[in-house]
Amino acid sequence: MTATKPESTAASDAPGRDPLLAQALRRLEGRLRFPDGPGEGAWAAVSDDGTETFDLNALLPLAAVWAPRRPEVAVALVDAALDACDEYGVPPRYTGPSAPTAPGAAWPLLAQAALRAAGSEPDPGIDARAVEGLRRALGAAVHLYDPEGVGRPRWPTPEEAFVPDAWDENLAPVDLAAFLRAEFEAFDLLCRRSGIEPDDDHRVPPGYRERLDHHLLRVLWDPRRGRFTDRYLDGRRSARLTLGALTPLLWTGLPDEHREAVRGLARAGSPLWTPAGLALWEPWPEDPVPPPTPSLPLAVALCALDRVPAEFRDVAAAVRPALEGAFADPAKAEPPPALSVLAALSETGPEPDRTGRSRWIRWLDRHSRPLLRIAGALLVLIALGLLLLPRLFPHTGEGPTIEALAGLAENHYHHGRYEDAEALYREILRRRSIPLAHFRLGNAAFRRGALAEAEAQYREAMRQSDLEPQALFNLAQVLLRKERVDEAREAFQRIVAEHGARYPDIVERAETALRILDRGPPHGPPPAPAPGG
């Protein structure tokens, strides 16, 4: 695949139905730099200060953005990434004239990006040279991330990890295994389309794909939770879900039962869902601020989600406003990659059979069935609400109704405005004792270090409702902080004995806490409080 300087065209303006997309593509195009001379590749500048650097972790999202509009740009970027690989086939994190000398490799997604750049039909740009470069890169990735060849790849350093905050040298993450499995698949497809035998690089151990499949589908898959979870080498599962759990969707060969479960993580109400996008990790009550939604990992997740259109559209509709706000910020020289991916993949080209209809009519055409289902569900919920809310939350005539206060308090709570939420929960409890308000106040007191109040609130929540396992788990944390270790142990044991069927996540965390206690007095912070309520 030989890099050539793409002709400057107005192709960026083609999607006239989406002015924001046209603006984003013009700005992205302005960041492209093509050096003089043949075969020297291309890079993308990420700063206005004259530095010219191509972040290879952005290769897959950029290929997804450019392939349907200017495929020569996508091919040139893939070629630049392959040219930047070292003598062993390892792609650096950055390339270009001003590339920093930061150590570490880019995420192993070169073949996936090349497949996007080639498009749906065989492309002469994906030739024997490109396949050979990808063969070396895939062999290098296996050697780098799984030097023993046992099928349990691990990120070498937090700087290279897809979710750096979750990195542990003994943790086998879902995302890396999914990346490598998707790379093998993309490489095979490119080989077949180019008429080349897709034999592995000599550095890929025999039978490695089978071991990788077993690790991903049998070891990292948690049948109790119905999701992929990171797993420690000693067999323990990571309790906190991360965005990496979505990346198996990059592999089209994922079994249907697994695919359906992974798709659910992109729906509203999943542990990763936030108004700003899919979070980098599952939030827990003790988190001081909501988890971040960084643009680059979200863009890669969106590239996986575009294989499941319903979930992709739901996420796009939900998170686009937040990304638009980030794009409009004049302090940001570069549009977030996730915005460009959202816009580009949701606006894939003209619709000739609908050009005479308004944008709203076309939108209704695309969403008629989901809208009918949603409308029916809303009618049922409204009817039930009219019947039940007056009984559950009687209005006392003292300002806003309890249900209004509860809705506002929950909104504050889930957006990290804990002081505002705490004041509203106290107002609710002044009128009526509601278990959820006691539970939330217990979490607020726990964060403030008011352990006596937290204990009282958790016990009241347990007394009144089925919040018992969540409240009991958090109460055990309070007891540990107060050095009442035997009582905390009894609480964890009670969770394991009584709540395994309905609350497997909390039971697993309680079992982990018991193992820690069995090894001796706890050191450092106790296990994180349970979510929910």
*If you look at every heavy atom in Ala245 and Val174, which pair is closest and at what distance?*
CA-CG1, 4.2 Å

*Assess whether side chain to side chain contact (heavy atoms under 4.5 Å, CB included) is satisfied between Arg515 and Arg236, documenting all intermediate values.*
CA-CA 11 Å; Arg515 285 196 295 269; Arg236 293 178 297 122; 3.6 Å; yes

*asked:* Do Leu217 and Leu254 have side chains that approach each other closer than 4.5 Å (heavy atoms only, starting at C-beta)?
replied: yes

*Specify the closest pair of heavy atoms between Leu272 and Trp281, including all atoms of both residues, with the distance to one decimal.*
CD2-C, 4.0 Å

*Can you name the closest pair of heavy atoms from Pro92 and Leu56 and give their distance?*
O-CD2, 3.3 Å

*Starting at CG of Leu424, measure out to CZ of Arg440 and round the result to the nearest 0.5 Å.*
13.0 Å

*In terms of the angle between their ring planes, are Phe228 and Trp221 parallel, tilted or perpendicular, with boundaries placed at 30° and 60°?*
perpendicular

*Can you tell me how far CG of Leu479 sits from CG of Leu451, rounded to the nearest 0.5 angstrom?*
9.5 Å

_Distance, nearest 0.5 Å, that separates OG1 of Thr229 from CG of Leu241_ = 8.5 Å

*asked:* Nearest 0.5 Å, please: how far is CG in Leu441 from CG in Leu429?
replied: 5.5 Å

*Quick one: pull up CZ in Arg237 and CG in Leu220 and give me the separation to the nearest 0.5 Å.*
7.5 Å

*Between Val262 and Leu246, is any pair of side-chain heavy atoms under 4.5 Å apart?*
yes

*Aromatic ring centroids of Phe162 and Phe179 under 6.0 Å?*
yes

*Take atom CD in Glu257; do more than 12 heavy atoms of anything else shown fall under 6.0 Å from it?*
yes

*Does a side-chain heavy-atom distance below 4.5 Å link Arg227 with Pro271?*
yes

_Please give me the minimum heavy-atom distance between Ala510 and Ile495, naming the atom from each residue._
CB-CG2, 4.0 Å

*Taking it one step at a time, do Lys482 and Glu455 satisfy salt bridge (Lys or Arg N to Asp or Glu O under 4.0 Å)?*
CA-CA 10 Å; Lys482 298 175 78 171; Glu455 179 178 356; 2.9 Å; yes

*asked:* Main chain of Thr252, side chain of Arg259: is a donor-acceptor contact present, judged purely on distance under 3.5 Å?
replied: yes

*asked:* Would Asn474 and Asn443 count as a side chain to side chain donor-acceptor pair (under 3.5 Å) here? Give the steps.
replied: CA-CA 8 Å; Asn474 290 5; Asn443 290 343; 2.9 Å; yes

*Decide yes or no for Pro205 and Asp146: does some side-chain heavy atom of the first lie under 4.5 Å from some side-chain heavy atom of the second?*
no

*Relative to the ring of Phe492, is the ring of Phe473 parallel (under 30°), tilted (30 to 60°) or perpendicular (over 60°)?*
perpendicular

*Side-chain contact, heavy-atom cut-off 4.5 Å: Pro248 with His258?*
no

*asked:* Test: side-chain hydrogen bond (donor to acceptor under 3.5 Å, both in side chains). Region: residues 174-183. Which pairs qualify, not counting sequence neighbours?
replied: Trp155-Asp175, Arg181-Asp213

*Over all atoms of both residues, closest heavy-atom pair of Ala279 and Pro291*: CB-CG, 3.6 Å

*Output the distance between atom CD (Glu169) and atom CG (Leu233), rounded to the nearest 0.5 Å.*
9.0 Å

*Run the side chain to side chain contact (heavy atoms under 4.5 Å, CB included) check on Leu305 and Leu278 step by step: do they pass?*
CA-CA 11 Å; Leu305 278 175; Leu278 295 171; 3.9 Å; yes

*Between Ala166 and Leu171, what is the shortest heavy-atom contact and its length?*
O-CD2, 3.3 Å

*Before giving the answer on side chain to side chain contact (heavy atoms under 4.5 Å, CB included), spell out for Phe446 and Arg481 the whole-Å C-alpha distance, their side-chain angles and the decisive distance to 0.1 Å.*
CA-CA 10 Å; Phe446 188 95; Arg481 292 285 179 91; 4.2 Å; yes

_Residue pair Trp107 / Leu176, side-chain heavy-atom distance below 4.5 Å_ = no

*Tell me, do Phe54 and Tyr94 make a side-chain contact under 4.5 Å, heavy atoms counted?*
no

*So do the side chains of Asp168 and Asp230 get within less than 4.5 Å of each other, counting heavy atoms only?*
no

*Report the residues that fulfil side chain to side chain donor-acceptor pair (under 3.5 Å) with Arg152, sequence neighbours left out, ordered by chain and then residue number.*
none

*Could you walk me through whether Gln112 and Cys303 pass the side chain to side chain contact (heavy atoms under 4.5 Å, CB included) check?*
CA-CA 10 Å; Gln112 283 282 311; Cys303 287; over 6 Å; no

*Would Glu282 and Arg225 count as a salt bridge (Lys or Arg N to Asp or Glu O under 4.0 Å) if you check the C-alpha gap in whole Å, the side-chain angles of each, and the deciding distance to 0.1 Å?*
CA-CA 14 Å; Glu282 176 184 4; Arg225 301 186 194 180; over 6 Å; no

*Determine yes or no for a side-chain-to-main-chain donor-acceptor pair under 3.5 angstrom, with Gln457 supplying the side chain and Ala445 the backbone.*
no

